[in-house]
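Values below: every heavy atom of this structure, side chains too, minus hydrogens, waters and symmetry copies. Proteins get letters first, then strands, A, B, ... in listed order; numbering begins at 1 in each.
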Protein chains: 2
Amino acid sequence: MKQTLRVHNAAIHYFDMVRRCGSIREAARRLNVASSAVSRQIIKLEDEIQAPLFERLPSGLKLTTAGEIFARHVMVVMQDTERTRSELGALRGLRSGHVRLAIVEGLISDLMPTVIERMRERYPNISTDIAILGSQQIPEALAKGQADLGVAFSLKRHADLRQLAIAHFELGAIMRPDHPLARHAELNLITCSQYPMILPTPELSLYQLVAPLFSGQERPTNGVARVSSVELAKQMAKRGVGIAFQTRIGILEELEKETLAFVPVRLGGPIYSDLGVYARNGRFLPVAADAYARALNEEIVARGQGDRRQW
Amino acid sequence: MKQTLRVHNAAIHYFDMVRRCGSIREAARRLNVASSAVSRQIIKLEDEIQAPLFERLPSGLKLTTAGEIFARHVMVVMQDTERTRSELGALRGLRSGHVRLAIVEGLISDLMPTVIERMRERYPNISTDIAILGSQQIPEALAKGQADLGVAFSLKRHADLRQLAIAHFELGAIMRPDHPLARHAELNLITCSQYPMILPTPELSLYQLVAPLFSGQERPTNGVARVSSVELAKQMAKRGVGIAFQTRIGILEELEKETLAFVPVRLGGPIYSDLGVYARNGRFLPVAADAYARALNEEIVARGQGDRRQW
DNA sequence: ACGCCGTGATGCCAATTCAGCATCATCGTG
DNA sequence: CACGATGATGCTGAATTGGCATCACGGCGT
């Protein structure tokens, strides 16, 4: 299965495994080779580079600065090897591969199921790992090569990230349809704060959007709860605990069934949150990841307000 | 000198040389190895990939589709190897390297000399190749890995290109200061066409800007010459052959010495040409190339009207 | 304080890989 | 038709690599 297209020296695979294990012997075990072989290859690499790659500490091996530079090279090579393999595979007609996604929680109820379903129809042989991470961890996971694609709200621009798709979503208040505010066309802060509210914690990107609404007061009077999960906030709103703040994208099903109502919150003008698909900059995507990116783009743009696609 | 940081299999270097030579024996000669060694490594690669990389034609070796895919991988690996080596070198404090630039002709009189001078002050150990190419060939040279950085006007967006810097330059008419039009604050087409004009040929990116001015008439009445060199057009204008069309950036010296005058040409509003610095997308730049990109950015932005930097 | 265990490095030997030489079949060219 | 050049291949010696046993070292628990 893991026919790694062994076009490259074993040394760089050894190096990568040692880096991940922090131990030569452990790496050797996982690679099914003798530890002496691994040790020698590392020494040989250090000889080529003319600088130590690891600090040998009693507690384990830790990358030196040179090691970190080289590790990035290894990541580039291995990721591009994967891309090449997938392209060569596509050439033979077997559209398969493996994609690792890192997404935020707000997409698990509607967007991701749809995308996965569509991908399974089109490319039954593509397998997927999905990690639910906070907004902050997603760029990190991409940079470390732990994920191929990331989907998150309002990521700030970063040189290591490449934006593959983006769409805007308007922030609004969500509540039960029988809530007194549910019939308004739009809402402002003062009106909202006269009713119990479910507010986001700072870990959520939503916080950045909602916080300004309550600038000044540190703890809004009517904040009945501060939760770090948009799903939880949604469930609470459905049970009538109060009104929560989200974009439409997490509650499309509830809107259709009319178990929740959505009312835009305006502060001067509408408040937008940008949902984007990201990859690490500086790599070509394997065909499988590229297919996912396209599918994500389609669905996001279809749900967004004011779309844009930059490829 | 060419200690290629031999972290990688000889096979990929052999492959790359064979690809460039179109011949195994010729590649072997340049690599100072026996042809059998090269032949076998290629066969071994094809064995790993389970597809032929070259078509063996009597006239030479030509890449198959799989070969092209693999060639791209090899380019990525080799370029990233170069980056890694330069970063490791920078770690040791010897800020050296080699950068290959592909620029358009219009920059040879002012911008490039300044940039090169500045680079030689800052990094005396960086060597440079400069190729003067047409606007169309520059993206191509970057894609093929024949150049590290490209500087050109008005490149259309392309997925394989990454824009490192950009600045706008207004199109204008250039002429001797004693020309009747030299004292105008701005000009339009009709006024210009009453005097002899030196026009660009379609190879120049300028053509795209100037052509609309003369839409309708295929051959402007007063076009005394069509030249494919902005330098030549400038020299002709200096000698009073007629008025030419350029941006300021090529004639800064003449403007200072008042041997040429520049008058904006407007068509409704000002007409801008974008001068950009580009690299192949999907690669980290070596530190030497990165330093060049920064220096180019500085100088371009300093000369431009309405700057922007996206990194 | 003293074994005990696990670590990375190293000497030695076998297995594998690789390069060079000579040679062959093939094809274009004069 | 002969000549020269090409890519592939059998063979041999050299170089690289991996496995085993062993050493020196340091943390940890008794």
query = Which pair of non-hydrogen atoms, one from A295(B) and one from M119(B), has the smallest distance, and what is that distance?
reply =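 In this case the closest contact between A295(B) and M119(B) is CB-SD, 3.6 Å.
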
query = Of the non-hydrogen atoms in S35(A) and I24(A), which two are nearest, and what is the gap between them?
reply = O-CG2, 3.8 Å

note = B/S/- along nucleotides 8-19 of chain D (protein heavy atoms under 4.0 Å) is BBBB-----SSB

key: Whole angstrom value for the distance that separates C1' of dG8(C) from CG of L53(A)   = 15 Å

query = Once you round it to whole Å, what is the distance between C1' of dG20(C) and CG of L31(B)?
reply = 15 Å

ask   = Less than 4.5 Å apart, any side-chain heavy atom of F15(B) and any of L63(B)?
value =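 In short, these two side chains touch, coming nearer than 4.5 Å.
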
With sequence neighbours excluded, residues passing salt bridge (Lys or Arg N to Asp or Glu O under 4.0 Å) with R120(A) =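 Checked R120(A) against salt bridge (Lys or Arg N to Asp or Glu O under 4.0 Å); zero matches.
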
ask   = Quick one: salt bridge (Lys or Arg N to Asp or Glu O under 4.0 Å) partners of E105(B), sequence neighbours excluded?
value =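 Expected list: none.
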
task = Not counting sequence neighbours, which residues clear side chain to side chain donor-acceptor pair (under 3.5 Å) with R25(B)? List them please.
result = none

For nucleotides 25-30 of chain C, give me every protein contact, N/O to N/O, under 3.5 Å, one pair per line with atom names.
none

inquiry  = Between R83(B) and E87(B), does any NZ, NE, NH1 or NH2 come within less than 4.0 Å of an OD or OE carboxylate oxygen?
reply    =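 Salt bridge: yes.
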
ask   = Taking only N and O in the side chain of R29(B), is any of them less than 4.0 Å away from OP1 or OP2 of dA5(D)?
value =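 Result: no.
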
D129(A): side chain to side chain contact (heavy atoms under 4.5 Å, CB included) partners, not counting sequence neighbours = H98(A), R100(A)

